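Count residues from 1 along the sequence. These figures come from a predicted structure and were not determined experimentally.
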Amino acid sequence: METKYIFVTGGVVSSLGKGIISSSLARLLLSRGFRVTIQKFDPYINIDPGTLNPYEHGECYVTADGHEADLDLGHYERFTNVHTSRANNVTTGRIYQSVIDKERRGDYLGKTVQIIPHITDEIKRNVKLLGNTGKYDFVITEIGGTVGDIESLPFLESMRQLKWELGSNCICIHLTYVPFIKAAKELKTKPTQHSVKQLQEVGIQPDVLILRTEKDIPVSMRRKVALFCNVSPDAVIQSIDMPSIYEVPMTMHSQHLDEIVLKKTNTPYSGEPDMSQWTKFLDMMNSAEETVNIGLVGKYVELQDAYKSINESLFQAATYNHHKLNLRYIHSEKVNEGNVDELLKDMDGIIIAPGFGQRGIEGKFVALKWCREHDMPTFGICLGMQCMVIEFARNVLGLKDANSTEMNPQTHDNVIDLMEEQKSISNMGGTMRLGAYDCVLREGSKAAQAYGTTHISERHRHRFEFNEEYRTQFEEAGMQCVGENPNTHLVEVVELPDKKWYIGTQYHPEYSSTVLSPNPLFLSFIKAAIDNKKK
């Protein structure tokens, strides 16, 4: 069949959950046997979110092919169990860079380069890139930002042209907000009407409206919206707040979103989607009665999106271990010798978060020393693993000056050092060790037991590494280097075998954890935390 293109746009306010709606629709179509991929078009001028502070844009997600991407790609993978790549996330910066490169090479034969047709053609080329591979029946494209934003206009114009060119093979789903005015005790549809009007002004008629709401929207009100917005009444759907994002696919299916899309794109279908594995996960999630308490020690804890993939990986692992997750954020800048016992003693397990830079680092060392001495199940990720190494060097090996050259370039004991290939790099963007790399685990190690194999592949995002010169010293003192890259011998995993569960990974296992395939290391960590709680 010909590839069908579905655009998802947002109106009224940002952060309505376009990514969750896109992921939910993809899950439903995949469960019907269709081949589906999702891509995100971000209107900001950064080439990618790799250089953005988490306060600006939440976490930076890394694809298996080493692209630094928007956090929505994490949702796409968690819901669909399908890997994304560089082609699944495009920014205005990437589009302009590509067009300017072509102009410099003379590809436009001396023509004046303009938004239309050159920028819009480049956007359209990127929209159809995945569809042209022949691998997908549906390509869902989420347009970042909100209708009415100046920066998203070229994307909307490209979308208008594609809707015209592709006919029934292309539809638009518009997600808007229906606010509840507390004082008037009323839901208000006017913002939705204005939002659709703005879309119509740029030549786009939405085919499906999804109304994000905190309160149930009466059928009569949905009919009114349909009438004012030129959308058929059966294609106006509500997306009411759910206790968990993982329930959204089922609420969308109960309102026939997948069937509406299949009908509007003239796609033959029969029967119901096979959501048995998904509903099994939801049943485990909703039937869990006991709680596991995990403390996350990091410096961005006031921002829930900064550790999005870790949060979701922990939640998935807790669910598969038949427990609810109580995740407590602990600000690493506020941890010290005087309060560490009070902050950590009620936890069943501790995660030391990844990150960059000096801020909050000493609090992580204090937390790790406490966890090691109190035999608390502890999981260090990326910088968290490096902190494990530094804390051990200082307090067990007696190397009081031990540090990473990231924090102190003059340190005498550089147990963590800049990777050799990073030493000549001056550009910040897209230059780290990025993407999936192989790792060989030591037979019999806790990490190997967790994975059930000694050969794994996980994704990375770092510039600094364990200093090989200190390996013997660490191993003799008890910290084992149980995982390494087979080609470079870079240390990927460290653990203390004499502890209940004390493991650090240079890679980011959270990037590969999905609802249907939770990451084995998170499953093992949560199990250890539950066992610790029982004792």
- Could you check Y307 against Y329 for ring-ring contact (aromatic ring centres under 6.0 Å, His included), going step by step and ending with a plain yes or no? CA-CA 10 Å; Y307 304 115; Y329 296 104; 7.1 Å; no

- For E59 and K308, what are the C-alpha separation, side-chain angles and deciding distance, and is it a salt bridge (Lys or Arg N to Asp or Glu O under 4.0 Å)? CA-CA 6 Å; E59 80 166 2; K308 194 69 186 165; over 6 Å; no

- Take N230 and Q200 through the side chain to side chain contact (heavy atoms under 4.5 Å, CB included) test and state the conclusion after the steps. CA-CA 10 Å; N230 293 352; Q200 290 167 337; 3.8 Å; yes

- From CA spacing to verdict: ring-ring contact (aromatic ring centres under 6.0 Å, His included), F281, Y320: CA-CA 8 Å; F281 174 81; Y320 276 95; 5.6 Å; yes

- Task: List the steps, then state whether side chain to side chain donor-acceptor pair (under 3.5 Å) holds for Q238 with T213.
- Result: CA-CA 7 Å; Q238 67 172 344; T213 175; 5.3 Å; no

- Checking salt bridge (Lys or Arg N to Asp or Glu O under 4.0 Å) for the pair D241/R212: CA distance, chi angles, key distance, verdict? CA-CA 8 Å; D241 287 0; R212 189 84 164 78; 2.3 Å; yes

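Between H118 and E103, the side chains place no donor N or O within less than 3.5 Å of an acceptor N or O (distance only, hydrogens not considered). N519 and S512 share a donor-acceptor pair across their side chains, judged by distance under 3.5 Å alone.
Between the side chain of S524 and the backbone N or O of L521, no donor-acceptor pair lies under 3.5 Å.
Judged by the 6.0 Å distance and 45° axis criteria, R359 is positioned over the aromatic ring of Y300. In this structure, K4 fails the cation-pi test against F138, since its NZ or CZ atom is not both closer than 6.0 Å to the six-membered ring centre and inside 45 degrees of the ring normal.
Proximity of V90 to Q39: side-chain heavy atoms (C-beta onward) are nowhere separated by under 4.5 Å. Proximity of N311 to L296: side-chain heavy atoms (C-beta onward) are separated by under 4.5 Å at one or more points. Counting heavy atoms from C-beta outward, V8 and T141 have side chains that stay 4.5 Å or more apart. Here the side chains of R86 and R94 are in contact, with some heavy-atom distance below 4.5 Å. In this structure, Q198 and V202 have side chains that are not in contact, with every pair of non-hydrogen atoms separated by 4.5 Å or more. Contact annotation: the side chain of S168 never approaches that of K264 to less than 4.5 Å [non-hydrogen atoms, C-beta and beyond]. Two residues are said to be in side-chain contact when any heavy atoms from C-beta on lie closer than 4.5 Å; E492 and T505 fail this criterion. Between V515 and W278 there is a side-chain heavy-atom pair separated by less than 4.5 Å.
Shown here is I45, whose CD1 atom has no more than 12 heavy atoms of other residues, nucleotides or ligands within 6.0 Å. Counting non-hydrogen atoms of other residues, nucleotides and ligands closer than 6.0 Å to CD of E2 gives a total of 12 or fewer.
Taking S232 as the reference, D234 meet the side chain to side chain donor-acceptor pair (under 3.5 Å) condition, with sequence neighbours excluded.
Note that CG of L30 is 6.0 Å distant from OG1 of T80, once rounded to the nearest 0.5 Å. From I171, atom CD1 reaches atom CD1 of I140 across 9.0 Å, with rounding to the nearest 0.5 Å.
Checked against the 6.0 Å centroid criterion, the rings of F79 and Y246 qualify as a close aromatic pair. A centroid separation of less than 6.0 Å is found between the aromatic rings of Y511 and Y61. No close placement of the F34 and Y136 rings is indicated, their centers lying 6.0 Å or farther apart.
The salt bridge (charged side-chain N to carboxylate O under 4.0 Å, His left out) analysis of residues 172-195, with sequence neighbours excluded, yields the pairs E186-K188. Among residue pairs with one or both ends in residues 104-126, those qualifying as salt bridge (charged side-chain N to carboxylate O under 4.0 Å, His left out) are K102-E122, R105-D107, D121-K124, E122-R125, K124-E165; sequence neighbours excluded.
The salt bridge (Lys or Arg N to Asp or Glu O under 4.0 Å) with D258 is formed by just one residue from the set R27, R32, K263; it is R32.
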